[in-house]
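Worth knowing before you read on, the calculation uses all heavy atoms, side chains too, and leaves out hydrogens, waters and symmetry mates. Please read all numbers here as calculations on a predicted model, not as lab measurements. Just follow the structure's listing: the first ligand is 1, and inside any ligand the first atom is 1.
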Amino acid sequence: MSKPLSDHDRKKQISVRGLAGVENVADLKKNFNRHLHFTLVKDRNVSTKRDYYFALAHTVRDHLVGRWFRTQQSYYEKDPKRVYYLSLEFYMGRTLQNTMVNLALENACDEAVYQLGLDMEELQEMEEDAGLGNGGLGRLAACFLDSMASLGLAAYGYGIRYEFGIFNQKISSGWQVEEADDWLRYGNPWEKARPEYMHPVHFYGRTEHHPDGVKWVDTQVVLALPYDTPVPGYRNNIVNTMRLWSAKAPCEFSLKDFNVGGYIQAVLDRNLAENISRVLYPNDNFFEGKELRLKQEYFVVAATLQDIIRRFKASKFGSRDIVAIQLNDTHPALAIPELMRVLIDEEKLPWEKAWDICIKTCAYTNHTVLPEALERWPIDLFQTLLPRHLEIIYEINRRHLERVSSLYPGDVDRMRRMSLIEEGGQKRVNMAHLCIVGSHAVNGVARIHSDILKATVYVFKHTYRNTMLTRDLYIHSPENFMIFSMMSLSFEISPKLNRLETNDMWPISMASWVWNLKLVVSDDYVLLNSSQAAPGYHTAKMIIRLITAIGEVVNNDPVVGDRLKVIFLENYRVTLAEKAIPAADLSEQISTAGTEASGTGNMKFMLNGALTIGTMDGANVEMAEEAGEGNIFIFGMRVEDVEAMDAKGYNASEFYNRIPELKQAIDQIAGGFFSPKQPDLFKDIVNMLMHHDRFKVFADYEDYIKCQEKVSALYKKPKEWTKKVILNIAGSGKFSSDRTISQYAREIWGVEPTLEKLAAPDDPK
Ligand code: D6G
C-alpha cells in the first residue's frame, strides 16, 4: 500500500533512535498479521491503510493488557489512597504513538512495520483524535492522567464518552464551518466497554421527607455504561484507567407509551435519554446554561460516585482512609451535594459526619475569573431536574451563612457576597461558591491567577480554616508534548547546536513543516494562525474571517506577497499542535494582563524552541522568571496598570487618534481594504474595538509594536536568537506536568508519588 522509507531515511532514523528492542520484531509482525486476519477479518489483498492502523493498534494494545491487570490488582492488594480526577473534558488526541513511547515499543514497532512494507507515519495518520475537550482545561486533564500513571499514583480519570467530540473546522470562502466529529465511526481500539459496572442515574421526580430520612422518588432513570481506556505510565509498567460514561436508556424506558401501543415510539424515544452523552459542548470559558449540559454534569458525577463507593467498599482496608476527588473547574461541582445525598440519604450518616468526609475528600481547581465563564445555574432548573440536590444546597448555604453571620454579625453585604444562592433577578446557584465551601483546597492554574483568586476567595479563607488557597503555582505542560519536543530537539535543534560554532546558523523555520502541508511558503516570514470559534460566538467567527481576509490581500500583494504570508491552519487540535508548535519561532501570548488564567500553548512553545512575545499574564510571568526577563519579550500593561485604567476609564478613541499606524490599520479594516466586495464586513469588529472593548487592546498597541521591533532586530542576529532559545528550553523544566502532579499529590491529595515500577509481565508472543 504505502511507500516504505528509503534506505537512506531508514538508516538516518535508526542512527538517531538506536536499534533497542528489535528482539520483539518477529513477535510484533506475527501478532500484527494475526490481528489483521482474526480481529479485522481482512487479508492483505483487500486491506486498507485503516485496517493496517487497527491491526497495529491492537498489536500494541496487547502489551497493555497484562500490565493493566497487574496494576489494578496491586491497587486492591496494597490499597493506596485513590485519587479521582473528575472532568467534563479529556482532550487526549491520538493514543498509538504515546503508547508505543511509554512502553518502549517504538523502535521495534517501527522496524516491524518497515519489514511489513508499510509506512509508520501513514498508519499513525489514520488514527482519529479523541477530541473530547475544547482546549487547555481538557488537555490539562489528559496530561495529568499521563503524569499520574508515570508517578505511580493510584489514580483514575472520570468523564463522559461523548459520541461527538469538538467539531471539525473547515474554512470555506474564509469562513469557519463546523462539521460533526464522528470519531467513533470506525471503532475505537483503545477502549473496552464494561457493562458489568453499569450504574443507574436518576433525574427529575420529587422528595418525600419521612422520619427515617428523605426519599427521592418518581425519578426518570438513565443508565451509565462505562468504557475503560488504559493509561500507561512512562516506562514503569503501570497502567491506570480512564473511565468514560456513556448514556443508555433502560429496557423499560417509555414503557407507558408501549402499553398504549406506542412500542415503536418508545424505542425511538430511547434516543432522548441517550442524548446525554451525545456531544461535547463546544464552549471554552463560556457558560451557556443549557439543561442538557446540567444533565451531563450530574450524569458523570452520579455514576462516578457510585463507582468510587463500590471500589472503596471492596477495598481491603476500606475504612483506613478516604479518597481524593479533584474537581476540574466547577463542571463536576455536583459531586459535593451528590456525595452528601449518598452519605445522608443512603448511608444514613449524620450531616456533620457526611460534611466532614465531603470537605476532606473534595478539592477544586479554578480555571478562570472571567464572569461570562462562571457557572450559575437557575434555581428553577435545579428544582425540576435535581430537587433533592437543591434541598441539600440550601442546607449547606444555611449552615454556611450562619457561620458567616456569627463571625461578622450584621455584615449583610458580606452575607450576600458569600452566599451560594444569588438573589436579585433570577435566583441562581453559584457553583464556584459551592466548590469553595465544599472543598478543603482551592487552587488556580498559575501563580498570578492564584493571586487574583485570593481576592475572591479571601473572605472564604477567613471563614473556613480548612479552605486552603494554594500559594504556589500549578503550572502544567504535557509530558507527551515534551517527548515530541525531544524528538524535534534531536532532529531540529541538534543541527542547530552544531551550527552554533559557525556563523550561518538560523533559527528553526516553519518552512519545512509547512511545505509538507503543501502550502505556499514565503522566503521570509510566515504568520500562522489557528483557532476555533465556538459556533455561537459571533465576534470570534468574525476575527477568523478577518484573518483569512488579511491573508487574501497580503498573500497576493505584488510587493509583500513573496516576503510575508498569512496562513490560517484549519481545524486546530492536539495533533496539529504537536506539529505546529515545534515548528514555530515566535509565540504570541498577548492577553490583557489579568484575563488569561495560565495559558498552555505558551509553555509548549517555550519548551519546543520558540521565543515568546507576551504580556505579564498567566504562565508568562513564571516563564519570564525561569528563562530570565532578558530572554522573553514582555510588553504592555501589568495587572495594576489595567486596574488603574479601569478606574480612570478606558477610551479607545484616545489611542486611535494619537497613534497614526493604529488609525490606519483600523481605517483599512473599517473601509473595506481587506473586504473590497463587502466594505462593511468588519464593522462589528471595528465597533467593538472602538466602543466596547473590555480587553482594552488599543492601550497595549504602541508597546506591542515597539516590542515587535526588538523581536525583528534580534531575529536578524541568529546566534543571539538561538542562545535565547536554548536558555528558554533549559528554563522550561519547571513546567512539566510531572512536577505539577507531584505538588498536587503532596499538598492537596495527601499522597506521595511512589515512582514505583511494577515488574513487566510476559509480553505477547
Ligand atoms: C479496568 C482494568 C481491569 C479492571 C477493571 C475494573 O477495566 O483490569 O478489572 O478496570 O477495576 P475496578 O473498577 O474494579 O477497580
Between Gln97 and Glu106, do the side chains contain an N or O donor and an N or O acceptor separated by less than 3.5 Å?
yes

Residue pair Arg573 / Thr575, side-chain donor-acceptor N/O under 3.5 Å
yes

Can you pull out the closest protein heavy atom to [atom]? Residue, atom name and distance to 0.1 Å, please.
{"atom": "atom 9 (O) of ligand 1", "result": "Tyr197 OH, 4.6 Å"}
{"atom": "atom 10 (O) of ligand 1", "result": "Asp228 OD2, 3.3 Å"}
{"atom": "atom 14 (O) of ligand 1", "result": "Tyr76 OH, 2.8 Å"}
{"atom": "atom 4 (C) of ligand 1", "result": "Gln72 CG, 4.3 Å"}

Please could you name the atoms of ligand 1 that [X] approaches to less than 4.0 Å, counting only its heavy atoms?
{"X": "Arg194", "value": "3 (C), 7 (O)"}
{"X": "Phe69", "value": "8 (O)"}
{"X": "Arg243", "value": "6 (C), 10 (O), 13 (O)"}

Would a line drawn from the ring center of [X] to the ring center of [Y] be shorter than 6.0 Å?
{"X": "Tyr158", "Y": "Tyr85", "result": "no"}
{"X": "Trp216", "Y": "His389", "result": "yes"}
{"X": "Tyr744", "Y": "Trp749", "result": "yes"}

Examine distances only and state if a side-chain atom of Thr241 and a backbone atom of Arg243 form a donor-acceptor pair shorter than 3.5 Å.
no

contact_flag Gln73 ligand 1 heavy-atom lt 4.0 Å
no

Mind checking whether Arg310 has a heavy atom under 4.0 Å from ligand 1?
yes

Backbone, side chain, both or neither: what part of Arg311 comes under 4.0 angstrom of ligand 1, heavy atoms only?
side chain

Flag atom 7 (O) of ligand 1 as yes if some protein heavy-atom distance to it falls below 4.0 Å, otherwise no.
yes

